[in-house]
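Below is one structure, written out as structure tokens; the observations come after it.
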Amino acid sequence: MPDLLDPVAPDAVRETVVAWFDVHARDLPWRAPDRTPWGVLVSEVMLQQTPVVRVEPAWRAWLARWPEPADLAAASPADVLRAWDRLGYPRRALRLQDCARALVERHGGQVPDDEEALLALPGIGSYTAAAVRAFAFGRRSVVLDTNVRRVLARVAEGVALPAPALTVGERRLAEEYVPADDAGAARWAAASMELGALVCTARAPRCGACPVADACAWRRAGS
DNA sequence: CTCCTGGGTT
DNA sequence: AACCCAGGAG
């Protein structure tokens, strides 16, 4: 039985958040069993600054049209831009195509599961590289987006919001929370992100619906 | 580190 | 109409 009163027990927090995720996870197409690494990569790039509701239809159309990196690599930039439609930040669409070309040239049209190789791709930074590894390949990685940062800041550090820039200590804390095994790490990544997106939101957090409210250092400090 | 992006929020 | 955001790039 996990001790939920200990705010710095990563094991207990992890298990509780993952159990919550098992019940409350949104069923998004890029999480479906038939997902592909390319589909996951595309979803992460689209999601970088566009809400889920708008990404979903665009993602379906995109993957139907360009199911493999090679398909996108061969498309005309005008078509790519048109298909990107209202997702915003059109340069990201062009970068995604650059990424597809790089996948064809360097990786035989496949998405690599190696962190270094992923990071070297256009438009893929530390967040997306880690996310693709975890969500596409089920591999262990430290996925640290603003959602996870905020959850950790509150639950573990007792502050409302994380520092403006990622600190060394923050990365180490995040590392402590990631289980040693691949599957566990991937589940924690998805679960902690989902908690940040649905419950532990930046403004108006829904602490009443939070599975780890009792263990949350921020809440215990008087929220 | 700072800058950049355009949609979302206030 | 400012200001914020979130991730990548330089």
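Just so it is clear, the model here is predicted, and its values are computed rather than measured. Below, chain A is the first sequence line, B the second, and so on; all start at residue 1.
Counted by atom type alone, A:T128 and A:Q48 present one or more donor-acceptor pairs between their side chains at under 3.5 Å. Side chains of A:S43 and A:R31: a donor-acceptor N/O pair is absent below 3.5 angstrom, by distance only. If you check the side chains of A:Y127 and A:E44, you find a donor sitting under 3.5 Å from an acceptor.
For the contact set between residues 125-143 of chain A and DNA chain C, defined by any heavy atom under 4.0 Å, the members are A:G125, A:S126, A:Y127, A:T128.
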### Task
For side chain to side chain donor-acceptor pair (under 3.5 Å), just list the numbers for A:T167 and A:R172, CA-CA rounded to whole Å, side-chain angles, deciding distance to a tenth of an Å, and then say yes or no.
CA-CA 9 Å; A:T167 64; A:R172 197 166 79 243; over 6 Å; no
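Distance A:R149 CZ to C:dG7 C1': 11 Å, rounded to the nearest Å. For the pair A:W84 CH2 and B:dG7 P, the computed distance is 13 Å after rounding to whole Å. Atom CG of A:L94 is separated from atom P of C:dG8 by 18 Å (rounded to the nearest Å). The distance from atom CG of A:L87 to atom P of B:dG7 is 11 Å, rounded to the nearest whole Å. Per the geometry, CG belonging to A:L96 stands 12 Å off P belonging to C:dA9, to the nearest Å. Residue A:L41 contributes atom CG, which lies 14 Å from atom C1' of C:dG7 at whole-angstrom precision. At whole-Å resolution of the value, CZ in A:R95 and C1' in C:dA9 are 6 Å apart. For A:N147 and C:dG7, the CG to C1' distance is 12 Å, given to the nearest whole Å.
In terms of position on DNA chain B, the residue among A:L166 and A:P51 whose nearest nucleotide sits closer to the 5' end is A:L166.
Residue-level contact check: A:R203 touches the backbone only, with heavy atoms under 4.0 Å from sugar-phosphate atoms and none from bases. Using a 4.0 Å heavy-atom cutoff across all strands shown, A:R92 reaches no nucleic acid atom at all.
Proximity of A:E157 to A:L173: side-chain heavy atoms (C-beta onward) are separated by under 4.5 Å at one or more points. A:E56 has its side chain within reach of A:P29: a pair of non-hydrogen atoms, C-beta onward, lies under 4.5 Å apart. Two residues are said to be in side-chain contact when any heavy atoms from C-beta on lie closer than 4.5 Å; A:V178 and A:R140 meet this criterion.
Using a 4.0 Å cut-off between charged side-chain N and carboxylate O, A:R187 and A:D22 make no salt bridge. Salt bridge annotation for A:D98-A:R95: absent, with no cationic side-chain nitrogen under 4.0 angstrom from a carboxylate oxygen.
Between A:W84 and A:W62, the ring centre distance stays below 6.0 Å.
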Using nucleotides 2-5 of chain B, report all nitrogen or oxygen pairs with the protein that are shorter than 3.5 Å.
none

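With A:E115 contributing its side chain and A:A129 its backbone, the two residues share no donor-acceptor pair below 3.5 Å.
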### Message
Can you give me the dot-bracket string for DNA chain C, 5' to 3', counting Watson-Crick and G-U wobble pairs with both distances under 3.5 Å, using [ ] for crossing pairs and | for partners on another strand?
### Response
||||||||||
